[in-house]
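Just follow the structure's listing: the first ligand is 1, and inside any ligand the first atom is 1.
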Amino acid sequence: MYVVATAGHVDHGKSTLVRALTGMEPDRWAEERRRGLTIDLGFAWAELRPGLTVAFVDVPGHERFVPNMLAGVGPVPAALFVVAADEGWMPQSAEHLAALDALDVRHGLCVITRSDLADPEPATRAALAEIAHTSLGEVEAVAVSAPAGTGMTELRAALERVLARVPPPDLDAPVRLWIDRSFTIRGSGTVVTGTLAAGRLGVGDELEVASLGRTARIRSLQCLGRTVSEVDAVARVAVNLRGVDRHELHRGDALLAPQRFYSSDTIDVRVHGDPVAALPKSVMLHVGSAAIAARVRPLGVDTARLTLAHPLPLRIGDRGLLRNPGEHHVSGGTTVLDVAPPALVRRGAAAARAKILDKLDGLPDERSELRRRGIVRLHDLRRMGVTTTATPVGDGWLVDEQLWTRLREKLLGLVPAWRRERPLEPGPPVDVVRRALRLPDRSLVHALVASPLAIRDGRVIRADQQAALPAPVAAAVEKIRAELAANPFAAPAAERLAALGLGPRELAAAVRAGTLVRIAEGVVLLPDSLRQAAAVLGALPQPFTVSEARKTLDTTRRVAVPLLELLDRQGITQRLPDDRRKVRGL
Ligand SMILES: Nc1nc2c(ncn2[C@@H]2O[C@H](COP(=O)(O)OP(=O)(O)OP(=O)(O)O)[C@@H](O)[C@H]2O)c(=O)[nH]1
Ligand SMILES: [Mg+2]
């Protein structure tokens, strides 16, 4: 199927033409038919010849309804440009043509209507001259007359030639269906319609509602009045949704392939048209069927930052249009260069940004995005429209290769620097490293740590350099070890430790270095003591009491109680309901 939009000044015969081509009534509202004026979008279709179906989006020509016109034209790749022979080129002829040009519509046909009322020649000449220097370029012109029915055969043939040149849609592209109508059907709930420009839809598909950020399932699908189970782009579709209320959906909203579009209210764009310095501060941005107020911050000669009144689901390369509604002026087309641009806070940031934007072309490229962003989530990059091939690190992050190498080097320096300042600590905690390297997530620290570095007990350490204790600490620990060798369970008292200068930090360092084990706060023994205790306790009649254990270990309750609890936790001893214990396996 092909979808073609009409365009042209009010009363130039657009709807009459669609009626003649399809036999259907594009003016859906009674008010439109009574006034002979199209107000909102109309939809009609016909088989131009067997196998060639064309759907028409008929737009209003009246200047008041240009926003409706834009909502219809937004997602449509081809246009029937209508000019009346008796009136010739008129203001909305110019505005509609400027809109098609801004949206980069490349396929079209010029139809001179009402050729029974005047010689079509001057209007044809004027129209073709105007159209020639737009994205439509050189187009064919056909003169028709509705009452006489002349020109229709030629028109159909010319239309077929135009459609043959429309490039095929990308059926693998993620769906973004811009909604142009929403309504309810008794018994089946919410229905929305739109032009499916790329991708495919099927009953049962789950789609994200852009404005709601939640998903809804397709209950049923219609295409040109027929119920279908799936539909390929390009097509006019009516989608019956489960799980959304009709009042939650409006023109300009979109149904999206989940997780595939970036919702953004700040975008950097290239403007094709007026120089950005000449743009008003506030404009309307039209993308798809959406129309949204945007504040303009000029950056370069033809680049600007747009701050949108609310977020839109966009990708790099999306085409839009800027319009100044007060003056009926299409300022130009826009190409989205960046959907997640950095904030411009520091002095000179805007000028620096302009330089970067100068080099961007709106074609999503993984390497260039990674180079600029350094670190970005894989799924965010995909949502921006970038095809990714790099291998993610950590929790789904992509990192620029050069940056990754620099971070590794920095980290290698960080660990010894930390230990020089804190000799009792084996290395910096993971979170300290994360902050020092300005990483967004701890998982990146884990990914970054590679031999000779390792992570132990939540700290980044050099695995090949055993934590050497400072000399005075090592000497004090040696004294304790000598005393414990003679009497392994007589843990040194607090006063003894204090006299040797072994405070909590020094003891922790000795424990980390593996020279002592910590039994409880301020209670340390030799690393071998647990094995020894198991042997001594195993020689007792089983089960035994705490008091029996204390006696045979020749120690105090201060040591015996936590030691037994530690042995319980390690599964060496088992505590019985009567508080006695036995060595497991005995
Ligand atoms: N004589 C003559 N009248 C025509 C022809 N085509 C359209 N008309 C008349 O022109 C008037 C406007 O036609 P429409 O088809 O409603 O024009 P339109 O472009 O759809 O107008 P809007 O949608 O309001 O912008 C109607 O009265 C039509 O009957 C034609 O070929 N010859
Ligand atoms: Mg009309």
Verify, without hydrogens or angle tests, whether H329 (side chain) and N324 (backbone) share a donor-acceptor contact under 3.5 angstrom.
no
Charged N to carboxylate O under 4.0 angstrom, D400 versus R373?
no
Which atoms of ligand 1 sit under 4.0 Å from any heavy atom of S145?
31 (O)
Provide, to 0.1 Å, the distance between atom 10 (O) of ligand 1 and the closest protein heavy atom, together with that atom's residue and name.
R114 NH1, 3.2 Å
Salt bridge present between R200 and E230 (N-O < 4.0 angstrom):
no
Is atom 22 (P) of ligand 1 less than 4.0 angstrom from some protein heavy atom?
yes
Atom 31 (O) of ligand 1: of A146, G36, A148, the nearest heavy atom sits on A146
N/O to N/O below 3.5 Å, does that happen between G8 and ligand 1?
no
So if I count the atoms of ligand 1 from 1 in the order they appear, which ones are less than 4.0 Å from some heavy atom of L117?
1 (N)
Around atom 17 (O) of ligand 1, find the nearest protein heavy atom and jot down its residue, atom name and distance.
G13 N, 3.0 Å
Report, in ascending order of atom number, the atoms of ligand 1 lying under 4.0 Å from any heavy atom of P147.
1 (N), 2 (C), 30 (C), 31 (O), 32 (N)
Would you mind listing which atoms of ligand 1 come within a distance below 4.0 Å of any non-hydrogen atom of V10?
24 (O), 25 (O)
Do side-chain atoms of S182 reach the backbone of L249 as a donor and acceptor pair under 3.5 angstrom?
yes
Are R305 and D338 close enough for a salt bridge, meaning some N to O gap below 4.0 Å?
no
For R377, does the CZ atom have more than 12 heavy-atom neighbours from other residues, nucleotides or ligands under 6.0 Å away?
yes
Give the atoms of ligand 1, by number and element, whose distance to some non-hydrogen atom of S15 is under 4.0 Å.
15 (O), 18 (P), 20 (O), 23 (O)
Among all protein heavy atoms, pick out the one at the shortest distance from atom 24 (O) of ligand 1; state its residue, atom name and that distance to 0.1 Å.
T38 N, 3.0 Å
Checking L212 now: which residues fulfil side-chain contact (heavy atoms from CB on, under 4.5 Å) with it, not counting sequence neighbours?
V209, R214, V244, E248
Which part of D116 is near ligand 1, with near meaning a heavy atom under 4.0 Å away: side chain, backbone, both or neither?
side chain
Answer yes or no for R315 and F261: cation-pi contact, defined as NZ/CZ to six-membered ring centre under 6.0 Å and angle to ring axis within 45°.
yes
Under the salt bridge (charged side-chain N to carboxylate O under 4.0 Å, His left out) test, which residues partner R295, sequence neighbours left out?
none
Exercise: identify the closest heavy-atom pair between A197 and V234
O-CG2, 3.8 Å
Quick check: does any side chain N or O of E95 sit under 3.5 Å from a backbone N or O of E63, one acting as donor and the other as acceptor?
no
Please identify each residue that fulfils side chain to side chain donor-acceptor pair (under 3.5 Å) with S15, with sequence neighbours left out.
T38, D58
Atom 18 (P) of ligand 1: closest protein heavy atom, distance to 0.1 Å, is K14 N, 3.4 Å
Determine whether a donor-acceptor pair (N or O, by modelled atom type, separation under 3.5 Å) exists between the side chain of R33 and the backbone of D27.
yes
So between T150, T6, T16, whose heavy atom ends up nearest atom 13 (O) of ligand 1?
T16
Could you tell me the residue and atom name of the protein heavy atom closest to atom 12 (C) of ligand 1, and the distance to it rounded to 0.1 Å?
D11 OD1, 3.3 Å
Give every protein N, O or S atom lying under 2.8 Å from the Mg ion (ligand 2), naming each by residue and atom.
S15 OG, T38 OG1
